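See below for the structure under consideration.
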Protein chains: 2
Amino acid sequence: MARERKFNTVELFQEAKQLLLQHGYDGFTFSLLADRMEVSRAALYKYYDNKEELITDFMIYEMEEFLHELREIETLEGFERQFDFLIDLIFKKTEVHELIRAAQQVMTRMDAAFPNKEKLEKLPLDMYKFLQKFILVGKEEEKLKKHIPDGLIIGFILQTVAIPNHFGIPKAEWIHSIKEIISDGMFMNK
Amino acid sequence: MARERKFNTVELFQEAKQLLLQHGYDGFTFSLLADRMEVSRAALYKYYDNKEELITDFMIYEMEEFLHELREIETLEGFERQFDFLIDLIFKKTEVHELIRAAQQVMTRMDAAFPNKEKLEKLPLDMYKFLQKFILVGKEEEKLKKHIPDGLIIGFILQTVAIPNHFGIPKAEWIHSIKEIISDGMFMNK
DNA sequence: TGTTAAAGTTACAGATGTGTCACTTATATT
DNA sequence: AATATAAGTGACACATCTGTAACTTTAACA
């Protein structure tokens with residue numbers, strides 16, 4: 001009963017991601033996005049009332065996808081395998097963490113009554129809770145130092161993707177060295 | 001021969017910093033800044049032709065100040081002291097690194113012929129070069145692992161300030177644990 | 001083949017930002 | 001007290017973004 005759509009949600013989110021990473025929350029506009037999609041601006045308003053709604057929807061989609069892939073960690077046996085899996089996943093999904101940063105900008109400017117606010121606030125906490133189980137395994141297996149706070153361990157690992165590789169060190173070497181620093185530090189053993 | 005100024009450059013840069021951190025490059029406007037300074041927008045144009053010029057000037061000021069404080073590292077004897085000094089300085093000047101991130105946004109949108117472009121591009125490299133001397137000391141004193149690339153060591157240390165402390169762990173404990181992870185890792189010794 | 005309804009477009013009004021210019025204000029110097 | 005001059009203002013023209021409403025297009029289906 002209807003005409004064919006010129007674009008689907010996934011395409012839309014892909015472009016939105018690029019624009020958000022390039023321009024940040026404030027620099028993101030419907031005009032920019034409509035141009036990229038080769039669609040009129042008004043068409044976007046058929047699906048989203050405003051940019052806040054579009055961006056929150058997109059964020060939720062992106063984080064849920066990450067969480068979904070993350071859940072595979074539970075199927076792995078032993079802390080070391082889980083650790084490797086986590087680092088590799090994080091580097092496969094680099095942008096997610098930059099987006100979480102942008103998410104905070106969204107939150108601060110959002111109405112208290114905004115429909116998706118709760119859902120968006122809950123997701124990063126879900127992720128932390130989920131990873132806390134992984135930390136627990138590490139500490140129980142006597143692999144992770146017990147006196148280091150869980151929040152720091154998780155934050156530390158997640159943060160490593162954002163280290164700028166100014167000198168273009170090859171990806172494999174880069175990730176390998178990062179794993180080494182995280183696990184045993186950059187100091188020589190005494 | 002002239003009337004008294006209502007604001008000075010340092011005040012201006014302080015407000016600019018806050019706005020940049022809050023809104024990012026695209027969200028930063030002269031209107032916003034003028035309001036904060038309680039001055040007319042046109043007054044700002046007496047000093048800066050446009051926001052690019054203001055922001056680059058500000059960035060250069062901020063980075064030079066950081067570099068200036070960093071130079072004190074050379075007066076310290078031995079790698080361990082230098083290491084402690086560096087971490088503490090980074091945590092004292094948290095925002096600098098968030099600003100460097102914003103700086104990249106500025107660059108990409110800047111004319112190739114922009115007056116301060118070279119100066120702004122040079123500063124982060126100066127910082128890296130300066131820190132490379134510190135890395136060299138560490139490797140010569142057999143304190144730092146020699147096979148880890150210098151660029152990663154520097155990037156890793158600088159990045160730690162950006163780890164979000166979601167659970168409000170006390171600053172002293174937080175920094176102490178970070179130092180431990182950086183130096184000896186988060187894994188138990190075998 | 002005509003009807004229906006979602007998909008998409010064009011065009012408008014209002015808000016906000018930009019850069020500029022003619023103007024006013026304040027103060028150090030003569 | 002008069003004057004020169006830098007500091008600051010108000011207001012204009014132009015651009016961009018926002019949200020909406022009236023319109024047209026397309027394709028399924030009755």
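Everything numeric here is computed off the predicted structure, so don't read it as measured data.
Summarising the geometry, the separation between CG on L54(A) and P on dG19(D) is reported as 11 Å, rounded to the nearest angstrom. In this structure, R41(A) places its CZ atom 17 Å from P of dA15(D), rounding to the nearest Å. One can place CG of D26(B) at 13 Å from C1' of dT16(D), the figure rounded to the nearest angstrom. Atom P of nucleotide dA26(C) and atom CZ of F7(B) are separated by 17 Å, given to the nearest angstrom. Straight-line distance from the CD atom of E11(B) to the C1' atom of dA7(D): 15 Å, rounded to whole Å. In this structure, NZ of K51(A) is placed 6 Å from P of dT18(D), rounded to the nearest angstrom. In this structure, K46(A) atom NZ and dT20(D) atom P are separated by 12 Å, rounded to whole Å. In this structure, CZ of F30(A) is placed 7 Å from P of dG19(D), rounded to the nearest angstrom.
Backbone-only contact: T29(A) has heavy atoms under 4.0 Å from sugar-phosphate atoms and none from a base. Y48(A) comes within contact range of no nucleotide atom at all, as no heavy-atom separation falls under 4.0 Å.
Residue N50(A) places its side chain closer to dG19(D) than to any other of dG19(D), dG19(C), dG17(C). Considering only the side chain of Y45(B), dT18(C) comes nearest among dT18(C), dT18(D), dT9(D). Minimum atom distance to the side chain of R3(B) is reached by dG8(D), of the listed dG8(C), dC12(D), dG8(D). Closest approach to the Y47(A) side chain among dT10(C), dA7(C), dT18(D) is made by dA7(C) (side chain taken as heavy atoms from C-beta onward). Side chain of A42(B), nearest nucleotide from dC12(C), dT20(C), dG8(D): dT20(C).
Look at S31(A) and you'll find a side-chain N or O under 4.0 angstrom from OP1 or OP2 of dC17(D).
By the 4.0 Å N-to-carboxylate-O rule, D150(B) lies close enough to K139(B) to be salt-bridged with it. Taking the charged nitrogens against the carboxylate oxygens, E180(B) and K145(A) do have a contact shorter than 4.0 Å, which makes a salt bridge.
Seen from the ring of Y61(A), K17(A) does not count as a face-on cation partner, given the 6.0 Å and 45° thresholds. Geometrically, R81(A) does not engage F83(A) in a cation-pi contact defined by less than 6.0 Å to the ring centre and at most 45° from the axis.
E52(B) and Y25(B) share a donor-acceptor pair across their side chains, judged by distance under 3.5 Å alone.
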